[in-house]
Protein chains: 2
Amino acid sequence: MSTFVKIKALRQSLSSSEAKLADFTLNSANAIRNLSSVELAKVVGVSQSSVVKFSQKLGYKGFPAFKLAVIDALNDETSEPKLHGKITLSDSLEQIAEKLLSSKLAVLTETKNLNETVAIEQAVSLLKSAKRILICGLGGSALVAKDFSYKLQKLGMPAIAEPDGHAQLAYVSTFAKGDLVIAISESGVTREIAEVVKQAKKNDSYVISVTKFGSNPVADRANVRLYSVAEEESVRLSSILARTAQDFVIDILFIALTQSSRQGRKLLEHSNDVVGEFRNH
Amino acid sequence: MSTFVKIKALRQSLSSSEAKLADFTLNSANAIRNLSSVELAKVVGVSQSSVVKFSQKLGYKGFPAFKLAVIDALNDETSEPKLHGKITLSDSLEQIAEKLLSSKLAVLTETKNLNETVAIEQAVSLLKSAKRILICGLGGSALVAKDFSYKLQKLGMPAIAEPDGHAQLAYVSTFAKGDLVIAISESGVTREIAEVVKQAKKNDSYVISVTKFGSNPVADRANVRLYSVAEEESVRLSSILARTAQDFVIDILFIALTQSSRQGRKLLEHSNDVVGEFRNH
DNA sequence: TGCGTACAAAAAATAAATTATTCCCAATAG
DNA sequence: CTATTGGGAATAATTTATTTTTTGTACGCA
């Protein structure tokens, strides 16, 4: 158990000298690092023997052992991956930023672990061999779809991201064997997307899904299932975190694609050059 | 400098007793934790005074100081946030994912640290009091702009994100005092965006910039400067990481906005309900 | 109320341990 | 043969742990 937890637990049953030491430890743990038992006693205003007794009361052999425990506790505290608690109304801006950050870190890590390497390989392989590609998503996912389409276009791939549900359906109805649909829907139940997927399957086209983990209409029908986020966060953050996870998935796909094809890299380079050239004038 | 690095650097110039201690420290650093100078001397097979002299040769006041340094070095070693090396052609898919993940983690952390709380507060305040809002960005940033506009619209705010440069300029030319431009451009030199900012300033409108850190045409003219990423990564990753950072910035702004207004939260809730209702039929 | 005992807490005193310094010897190079 | 250096034994200094003493307070009882 952390020394601090221990101290807090015993805090009530301590006598006045001990309480002084306990409070000092909790408030200025850092300072203890550089203090001997005598110095600590002086700073806190108790006798040196009280310091030793306090250490022993906490279960340590003596003062040096206590000191080490405090240092350890400080280290654990700072290296802990920071729990990403819910953002509440009373949070300060600094706390909000901190929590959003750790939530994102958690979501990214989870998303990475959720997707098997083999699934990504399959997805890359489908992408490379696809004749035409339709990336569909609605609402927030539409932007992810659009982003992915831009990226694929940079690689010279025939990818289209259409934000309108009806247009998506119209396009996919012309699909055939060799064409590919990438269906992005966090819930996996979006009616329009599910419909597109159904149609794609009917036309013998391949489907890659990007949804939350588990069974759902979109993923169930997909040839390759990719996943975004694992845990449901607070409602307020959910769409933000879903986006974060979806972005990660398509970023991985994109990098893996450029990785696996020399031609793709060349085209990407060229595309970047052209845009850069243009911007500088 | 880490104690271990120090030891390795001096390793050659050490005498036999000192070398014994150095090797033991490098190989069994963990053990030192529980040893006194006498015990360590015994284990290694040297005299206690040699232990002390060794500690001092490394630059520490004495043995206890050396011991603390070793413990610190061990802690730093284990909690190091995994260096996010460049992705190379020979990387496996698993390595790619790992590196992308750590790069994103680093970029998010940096972005959070780069933005002062007070700047975010000012941005929020400008957003809340703005009569009209134009969010402009080109290329990849256009998607970030669009995303932010959707979010602001959910809060009932008059935000427009227009991907076309000319249309942006046309709109901003009608701006006046009380209107707000949010200019998103990683480089901060995009001609079209800089032009919009110039026009906005001429019309006495406020400008919030989201660019890389440092002086650039867009940020220099802004009333409030927000920053994305700090370090330039590999060219291949740069646009991906820029997006990651920009998303973080607008996510923070969005959350801070909902945080600061009861009405905003109500509208957001309602908006989510309506869309959810619609999707389920 | 006044006095004395009992008890607990905390500091002073002391003992033990750990650590730092000094001093001396041995090995080796010049 | 001297000078120098490494290393350990001896010892001094410091730090820590234990024991002893003092202080203060609560409680019982005349």
Side-chain angles (χ1 to χ4, degrees), chain A residues 3 6-74, chain B residues 3 6-74:
Chain A
T3 309
K6 220 184 256 179
I7 292 178
K8 279 176 199 151
L10 288 175
R11 180 69 182 73
Q12 289 313 315
S13 64
L14 297 175
S15 60
S16 90
S17 286
E18 293 169 333
K20 279 188 214 164
L21 285 164
D23 291 343
F24 183 84
T25 304
L26 292 176
N27 294 328
S28 321
N30 264 312
I32 290 183
R33 202 192 145 82
N34 308 306
L35 298 176
S36 68
S37 63
V38 178
E39 291 167 325
L40 176 58
K42 202 169 180 184
V43 171
V44 175
V46 300
S47 70
Q48 181 261 344
S49 60
S50 292
V51 172
V52 175
K53 280 189 196 147
F54 175 66
S55 303
Q56 292 169 337
K57 188 159 193 169
L58 290 175
Y60 304 104
K61 178 147 176 272
F63 177 68
F66 168 68
K67 195 156 146 184
L68 278 189
V70 169
I71 292 174
D72 283 346
L74 280 175
Chain B
T3 309
K6 219 183 258 178
I7 292 177
K8 280 177 200 152
L10 289 175
R11 180 67 181 76
Q12 289 313 315
S13 65
L14 296 176
S15 58
S16 90
S17 285
E18 292 170 334
K20 280 188 214 164
L21 285 164
D23 292 342
F24 183 84
T25 305
L26 293 177
N27 295 326
S28 321
N30 264 311
I32 291 183
R33 203 192 147 82
N34 307 307
L35 297 175
S36 68
S37 63
V38 177
E39 291 166 325
L40 175 59
K42 202 170 178 183
V43 171
V44 176
V46 299
S47 71
Q48 181 261 343
S49 63
S50 292
V51 171
V52 175
K53 282 178 195 162
F54 176 65
S55 303
Q56 291 170 337
K57 189 159 192 170
L58 289 175
Y60 303 104
K61 176 144 176 273
F63 177 69
F66 167 68
K67 195 156 148 183
L68 276 188
V70 169
I71 292 173
D72 283 345
L74 281 173

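Since this is a predicted model, take the numbers as computed values, not measurements. Lettering of chains follows the sequences in order, A, B, ..., and the numbering in each one begins at 1.
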Residues forming a salt bridge (charged side-chain N to carboxylate O under 4.0 Å, His left out) with A/Lys8, sequence neighbours excluded | none
Atom NZ of B/Lys61 and atom P of C/dA20 are separated, to the nearest Å, by 7 Å
5' to 3', nucleotides 20-25 of chain D under a 4.0 Å protein heavy-atom cut-off (B base, S sugar-phosphate only, - none) gives ------
Closest non-hydrogen atoms of A/Phe63 and A/Ser36, given as atom of the first, atom of the second and distance, are CE2-C, 3.6 Å
Going by distance alone, is a donor N or O of one side chain under 3.5 Å from an acceptor N or O of the other, for A/Ser17 and A/Ser15?
-> no
According to the salt bridge (Lys or Arg N to Asp or Glu O under 4.0 Å) rule, which pairs have a member within residues 59-73 of chain A, sequence neighbours left out?
-> A/Asp72-B/Arg33
Starting from P on D/dG8, measure out to CD on B/Glu18 and report it in whole angstrom.
-> 11 Å
Side-chain N or O of A/Ser17 closer than 4.0 Å to phosphate OP1/OP2 of C/dA10 | yes
Measure the distance from OH on A/Tyr60 to P on D/dT16 and round it to the nearest whole Å.
-> 17 Å
Return no unless some side-chain N or O of B/Ser16 is found under 4.0 Å from OP1 or OP2 of D/dG7.
-> yes
Check every atom of D/dT18, C/dA20, D/dT16 against the side chain of A/Ser49 and return the nucleotide holding the closest atom.
-> D/dT18
To the nearest Å, give me how far apart NZ (B/Lys67) and C1' (C/dA20) are.
-> 15 Å
Expressed in angstrom and rounded to an integer, what is the separation of B/Lys20 atom NZ from D/dG8 atom C1'?
-> 12 Å
Calculate the interatomic distance between A/Lys57 atom NZ and D/dT18 atom P; express it in whole Å.
-> 16 Å
Tell me, do B/Leu14 and B/Leu21 make a side-chain contact under 4.5 Å, heavy atoms counted?
-> no
The side chain of A/Ser50 lies closest to which of these nucleotides: C/dA20, D/dG6, C/dA11?
-> C/dA11
Minimum-distance pair of heavy atoms, taken over all atoms of A/Ser37 and A/Val51 | O-CG2, 3.8 Å
Does anything in residues 34-55 of chain A pair up under salt bridge (Lys or Arg N to Asp or Glu O under 4.0 Å), and if so which pairs, sequence neighbours excluded?
-> none
Does A/Gln56 make a side-chain N or O approach to OP1 or OP2 of D/dT16 shorter than 4.0 Å?
-> no
Go through residues 32-48 of chain A and report each residue with a non-hydrogen atom lying under 4.0 Å from DNA chain D, sorted by number.
-> A/Ser36, A/Ser37, A/Val38, A/Gln48
Starting from P on D/dT16, measure out to CZ on A/Phe54 and report it in whole angstrom.
-> 16 Å
If you look only at pairs with a residue in residues 18-57 of chain A, which of them pass as a ring pair (Phe, Tyr, Trp, His ring centres under 6.0 Å), with sequence neighbours excluded?
-> A/Phe54-A/Phe66
